[in-house]
Asks: 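Pasting in a structure now, in structure tokens, and then I'll have a few things to ask.
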Amino acid sequence: MISPGFTLHVLRERKPLIHQITNYVVMNETANATLALGALPVMAHAVEEVEEMTRLASALVLNIGTLSERWVEAMFLAGAAAGERSIPVVLDPVGAGATAYRTDTARRILDVVGVTVLRGNPGEIATLVGARAEVRGVESISTGIAPAELAVQAARLLGVIASVTGPVDHVSDGERVLTVSNGHELLAAVTGTGCMSSAMTGCFLAAKPGEPLEAAAEALAAFGVAAEDAAAGADGPGTFHARLYDALYALDPATLDGRARVEEL
Amino acid sequence: MISPGFTLHVLRERKPLIHQITNYVVMNETANATLALGALPVMAHAVEEVEEMTRLASALVLNIGTLSERWVEAMFLAGAAAGERSIPVVLDPVGAGATAYRTDTARRILDVVGVTVLRGNPGEIATLVGARAEVRGVESISTGIAPAELAVQAARLLGVIASVTGPVDHVSDGERVLTVSNGHELLAAVTGTGCMSSAMTGCFLAAKPGEPLEAAAEALAAFGVAAEDAAAGADGPGTFHARLYDALYALDPATLDGRARVEEL
Amino acid sequence: MISPGFTLHVLRERKPLIHQITNYVVMNETANATLALGALPVMAHAVEEVEEMTRLASALVLNIGTLSERWVEAMFLAGAAAGERSIPVVLDPVGAGATAYRTDTARRILDVVGVTVLRGNPGEIATLVGARAEVRGVESISTGIAPAELAVQAARLLGVIASVTGPVDHVSDGERVLTVSNGHELLAAVTGTGCMSSAMTGCFLAAKPGEPLEAAAEALAAFGVAAEDAAAGADGPGTFHARLYDALYALDPATLDGRARVEEL
């Protein structure tokens, strides 16, 4: 059942710990978004401690936005620890398709780690399923495949819930496709909002165990509703960014379901 | 004598350099808080330069929030340089109690470096004195000891000024206990505000040499007053966060003493 | 011809990719400033991928604010890749003059990489031309040389466009000197605004190829105009910082030339 309001209520009761191994650019942002939503973020990347930290967590978020070898090593260790404990894992393949190192690393993680949800833009996901994709830096420029079809293919080929975000998001388990139409164009003017949506996905997975398709769609709906609230009264991307945390903090479980625009294709 | 207003006045006259070896999540935040208060932040962590940078500084802040081996190595080098020049050192043991690596690293720093002020939450400090503590990620959940007693014990056992922050802060040199009742609940909704209070502690130590107990309490009072100002007019944690720098920048030495709620137990 | 409005118009049409190897403190800030202006930022520092990423980019920005050996190595690789493709390079020598490691690294980069624009504060640039300079952490305290003369000397000695920023900016190719009088004093109260101006310089170089002197001055004028807009209505450095992105996003190519205060000495 799709009920982001109920899941948010559960999340705020449980305050799950969300272990994030993410990029330098957005660490503060994803931590603050996690905290504002009502979960507890923790960032830890040392090979000496990632396994122990992951075991304490209710979800693990891996993000390759500024990767390097030691960090990738830590991601594998954390991913294995998550697998042993059946802790859900989100992978955000930032910039896959831009450089071989990013594409290869994302593929290696998908091969070895039991990724629950793969959250990316169309260019990144298309790269990972071998479809035509143009990625400029960390931006998706174009792909040769429609996003609904892309989500289905990625889910089937990669054995994950595929969460392909854009003006309309498409989330699939390979059979069903859920679309999410919440959000605001200012999200594209702030760096790291994609990474934040991956962190939100980790939070919702932790609060709705066993239903990753629904949890992934609910996370995007909740984040999109917050973006809509943040945009009201914002003067541009900077004030929007500050207000986005206000809006996540103020998200009301009682009204969220009515505002979420989630549909099944 | 407790006079955060006078110390702030001195700080803005001298603009001391505060060398911070801190975590990736909050670097921008602690730098901006330092600058807004009126001191000069510098972040440097390379083993090639930390000793030289520390020697230029009036205080050193060590924070283990996203530690790894090279960074720990740099902290020891910087700590030794600070010791040679009698430069005050603040240690923020972020996440001690969550993983063995963090607990052990914090203990090693306390053993080897002449830490002036240990600033942490109750769970972290309780861990370091061997008391019962529950830490979830970087969050203190519970301890088996009252904060005033904890501050006294930590100061005695570890040979530091212990600065235990929470809804009411407790600062002790092992004999005296100062409480600070300023602050606002939105501080808990923004990541890195604890780290900022450690940076503020470094600033006040630099401006009030030789009186670390008083300086540590004054720093928390000043930061808490700024938080109270920031909360007025904030719509949530995001706008509060932006307004916190405004408030630090606008702190008035002439009225600060009257607003500071510092008491001796 | 000096026309920041026209260059901004071109930049927003082309959305050039700006590869930034920069410091931990400001990564989010320079990425958001780049995005708000209308270009695409990408941060990548792994030796495995920097050359490939640089080849995709229209400008490369190197910033030594929190340097360490692997990052310096990556800067050399990226710089060489930029040289092969005639991609313009900005160097921001953060803290040169504060430690030998920073001074030496900046010099090595200037020796080996074909730096197009060297953007720094007077103390940093004076250090690199061997003039007397006092640098405290990353702050310029004083130099023994006037900024116009400093810009000319740096340009001649180092074979770069020298962009010396301060209350009035001085940009020189060794023959001509352009001054830029836009800006606001709150820029000095926010960490990383110098780094942002280096990122803006990279953006303008990408949009105005072959005219680096003019592009560098235009970048500072555009950034300064945005700062003037951000300051109107700001309550201090925190709200100014958020509004700075709003202002960069809202910069109007049609009115920018009339507001830019660029003059030739």
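Naming: A, B, ... by sequence-line order, numbering from 1 per chain.
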Asks: For B:Val190, is there any backbone N or O sitting under 3.5 Å from a side-chain donor or acceptor partner on A:Asn32?
Replies: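 No, because the side chain of A:Asn32 does not come within donor-acceptor range (under 3.5 Å) of the backbone of B:Val190.
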Asks: Exactly one of A:Thr30, A:Leu35, A:Thr34 should register a side-chain contact (heavy atoms from CB on, under 4.5 Å) with B:Thr191. Which one does?
Replies: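 Single side-chain contact (heavy atoms from CB on, under 4.5 Å) partner of B:Thr191 among A:Thr30, A:Leu35, A:Thr34: A:Leu35.
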Asks: Can a donor-acceptor pair be found, under 3.5 Å and without considering hydrogens, that links the side chain of B:Arg102 to the backbone of A:Glu49?
Replies: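 Side chain of B:Arg102 to backbone of A:Glu49: no pair is present.
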Asks: Of all the heavy-atom pairs spanning B:Leu67 and A:His45, show the shortest one and how long it is.
Replies: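 In terms of heavy atoms, the two residues are closest at O-CE1, 3.8 Å.
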Asks: Nearest heavy-atom pair of A:Arg14 and B:Arg136: which atoms, and what distance?
Replies: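 Distance-wise, the nearest heavy atoms are O-NH1, 3.7 Å.
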Asks: Just how far is it from atom CZ of A:Arg243 to atom OG1 of B:Thr239, taken to the nearest 0.5 Å?
Replies: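 Those atoms lie 7.5 Å apart.
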Asks: Give a yes or no on this: more than 12 heavy atoms of other residues, nucleotides or ligands lie within 6.0 Å of atom CZ of A:Arg261.
Replies: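 Check passes, neighbour count above 12.
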Asks: Would you mind reporting whether A:Tyr249 and B:Leu186 have side-chain heavy atoms less than 4.5 Å apart?
Replies: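 When only atoms from C-beta onward are counted, A:Tyr249 and B:Leu186 do touch, with a gap below 4.5 Å.
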Asks: For chain A, which candidate among B:Ala242, B:Pro237, B:Gly65 shows the most heavy-atom pairs at distances under 4.5 Å?
Replies: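 Most heavy-atom pairs under 4.5 Å with chain A: B:Pro237.
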Asks: Which bit of B:Ala100 is near chain A, if near means a heavy-atom gap under 4.5 Å: side chain, backbone, both or neither?
Replies: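 Both parts, backbone and side chain.
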Asks: Once you round to the nearest 0.5 Å, how far does CD1 of B:Ile141 lie from CG of A:Leu17?
Replies: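 The CD1 atom of B:Ile141 sits 9.0 Å away from the CG atom of A:Leu17.
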Asks: Is there a side-chain contact between A:Asn28 and B:Glu29 in this structure, where contact means two heavy atoms from C-beta onward sitting under 4.5 Å apart?
Replies: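 Yes - at least one pair of side-chain heavy atoms lies under 4.5 Å apart.
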Asks: Can you tell me how far the OG1 atom of A:Thr22 sits from the OH atom of B:Tyr24, to the nearest 0.5 Å?
Replies: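 That separation rounds to 13.0 Å.
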Asks: Using non-hydrogen atoms and a 4.5 Å limit, figure out which bit of A:Ala44 sits close to chain B: side chain, backbone, both or neither.
Replies: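 Both the backbone and the side chain of A:Ala44 come within 4.5 Å of chain B.
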Asks: Using modelled atom types and a 3.5 Å cut-off, is there a donor and acceptor pairing between side-chain atoms of B:Asp235 and backbone atoms of A:Asp246?
Replies: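 No, B:Asp235 side chain to A:Asp246 backbone: no donor-acceptor pair under 3.5 Å.
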Asks: Do other residues, nucleotides or ligands put more than 12 heavy atoms under 6.0 Å from the CZ atom of A:Phe76?
Replies: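 Count over threshold, so yes.
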Asks: For the residue pair A:Met53 and B:Gly137, what are the closest heavy atoms and their distance?
Replies: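 What the structure gives for the nearest pair is SD-CA, 4.3 Å.
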Asks: Within the 3.5 Å criterion, strictly below it, is a donor on B:Thr99 or A:Glu52 matched to an acceptor on the partner's side chain?
Replies: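 Note: B:Thr99 and A:Glu52 side chains miss the donor-acceptor criterion.
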